[in-house]
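What follows is a set of notes on a single structure, which appears directly below.
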Amino acid sequence: MKRAEAIAKLNQLAGVDLHSLAKQFDVTVLSPNGKVNKGWAGHVCERFLGIPINSAQSPNFGSWELKSIPLKRLKNRQLQFKETMAITMIDPYHVARTPFEESHLLAKLQKAVCVVRQVGASYNDPSFIHSIVTLDLLGDLYTTVKADYEAVQDCLNDPARGFDALSGRMGVFVQPRTKGSGHGSVSRAFYARPKFLARFVKLT
DNA sequence: CTATGATCATCC
DNA sequence: GGATGATCATAG
């Protein structure tokens, strides 16, 4: 399936409640223990496109990648990004010696197709598709993201800091953040800050 | 067990 | 509110 084709298909989902789709595709949203499957939204979209779920680096779709971003409504009825978006894992060795132009980070951003969805106060409130966007790094977006990436490289290459010193407080548009299965696993990934995402979506 | 899909919980 | 770190389900 081509990127444009997937975008067109996803656009047909505008206004649909993702929860009903989750039920249709039998995607777990809430486990029997009251725990939440935080990846359910993404899984639903993948299933909708007829793509098998797997945990590979994500070149599943061939030349592009699917992501979903939550949007929340402020008290003043304005829409705002609720969370940061996980972009890709950080491989210390790879990142430290790979220029931004060849990084997974840049590649992922350029291939990403984001499903912007509205969410309620909590995960079990209805969730509707807002729009589908593509991430094009233009002008300052590119330079700023590049600077953020290089800041991470500097940290990794600094003997006094290194991988363990990476913190979510770094970066302007993209930040290195802890991520893992949770149980003691210590891996980190690049996350896109709301500020960055807001550049791609019309928040009316 | 870990990578990938992101969101939840908590602290400021 | 916004930011930072922790955590959950699924597949290999």
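Values below: all heavy atoms of this structure, side chains included; hydrogens, waters and symmetry mates excluded. Here is how names work: the chains are called A, B, and so on, in the same order as the sequence lines, proteins then strands, and each is numbered from 1.
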Open item on the list: Please confirm whether the shortest side-chain N or O distance from A:Arg47 to OP1 or OP2 of C:dA11 is below 4.0 Å.
Closed with: no
Open item on the list: Any carboxylate oxygen within less than 4.0 angstrom of a Lys/Arg side-chain nitrogen, looking at A:Lys23 and A:Asp17?
Closed with: no
Task: Short side-chain N/O contact to B:dC8 OP1/OP2 from A:Lys82, under 4.0 Å - done: yes
Task: Closest nucleotide among C:dA3, B:dT7, B:dG5 to the A:Thr84 side chain - done: B:dT7
TODO: Choose from C:dA3, B:dT7, B:dG5 the nucleotide whose nearest atom is closest to any side-chain atom of A:Pro70.
DONE: B:dT7
Open item on the list: If I take atom CD in residue A:Glu46 and atom P in nucleotide C:dT10, what distance separates them, rounded to the nearest angstrom?
Closed with: 14 Å
TODO: Quickly work out the A:His104 NE2 to B:dA3 C1' distance and round it to whole Å.
DONE: 12 Å
Task: Any residue meeting side chain to side chain donor-acceptor pair (under 3.5 Å) with A:Glu101, in chain and number order, not counting sequence neighbours - done: A:Lys146
Task: Contact check, side chains of A:Lys72 and A:Gln80, non-hydrogen atoms, under 4.5 Å - done: yes
Open item on the list: Is a donor from one side chain sitting under 3.5 angstrom from an acceptor on the other, for A:Thr134 and A:Arg3?
Closed with: yes
Open item on the list: Does the plane of the ring in A:Tyr149 sit parallel, tilted or perpendicular to the ring in A:Phe100? Use 30° and 60° as the thresholds.
Closed with: tilted
Open item on the list: Using a 6.0 Å distance limit plus a 45 degree cone around the ring axis, check whether A:Arg47 lies over the aromatic ring of A:Trp40.
Closed with: no
Open item on the list: Taking the cut-offs as 6.0 angstrom to the six-membered ring centre and 45 degrees off its axis, would you call A:Arg188 and A:Phe163 a cation-pi pair?
Closed with: yes
Task: Which residue lies more 5' along DNA chain C, comparing A:Thr28 with A:Thr178 via nearest heavy atoms - done: A:Thr178
Task: Closest to side chain of A:Arg193, choosing from C:dT10, B:dC8, C:dA3 - done: C:dA3
Open item on the list: Rounding to an integer number of Å, can you tell me how far A:Arg188 CZ sits from C:dT4 P?
Closed with: 13 Å
Between the protein and nucleotides 10-12 of chain B, which nitrogen or oxygen pairs are less than 3.5 angstrom apart?
none

Open item on the list: In this structure, how many angstroms lie between the C1' atom of B:dG5 and the CG atom of A:Leu66, rounded?
Closed with: 10 Å
Task: Sugar-phosphate, base or nothing in reach of A:Arg117, heavy atoms under 4.0 Å - done: sugar-phosphate
TODO: For A:Lys72, report the nucleic acid contact type (base, sugar-phosphate, nothing); a contact means any heavy atom under 4.0 Å.
DONE: sugar-phosphate
Task: Closest nucleotide among B:dA6, C:dT4, C:dT10 to the A:His43 side chain - done: C:dT10
Open item on the list: Does A:Tyr191 contact C:dA3 through a side-chain donor or acceptor facing the base, at a distance under 3.5 Å?
Closed with: no
Task: Value in whole Å for how far the P atom of B:dG5 lies from CH2 of A:Trp64 - done: 12 Å
Task: Spacing of A:Leu197 atom CG relative to C:dG2 atom P, expressed in whole Å - done: 14 Å
- [ ] Could you tell me which non-hydrogen atom of A:Thr84 sits nearest to which non-hydrogen atom of A:Gln175, and how far apart they are?
- [x] CG2-NE2, 3.2 Å
- [ ] Would you indicate, yes or no, if B:dT7 has its OP1 or OP2 atom less than 4.0 angstrom from a side-chain nitrogen or oxygen of A:Lys179?
- [x] no
Task: Nearest-Å distance for atom pair CG/P, residues A:Asp148 and C:dA3 - done: 14 Å
Open item on the list: Give the residues of residues 155-177 of chain A touching DNA chain C, defined as any heavy atom closer than 4.0 Å, sorted by residue number.
Closed with: A:Ser167, A:Gly168, A:Arg169, A:Gln175, A:Arg177
Open item on the list: Run A:Arg193 and A:Phe173 through side-chain contact (heavy atoms from CB on, under 4.5 Å) and show every step you take.
Closed with: CA-CA 5 Å; A:Arg193 290 178 183 281; A:Phe173 281 161; 5.6 Å; no
TODO: Round to the nearest Å and state the distance from A:Gln118 atom CD to B:dT7 atom P.
DONE: 14 Å
Open item on the list: Classify the ring geometry of A:Phe25 against A:Phe48: parallel below 30°, tilted from 30° to 60°, perpendicular beyond 60°.
Closed with: perpendicular
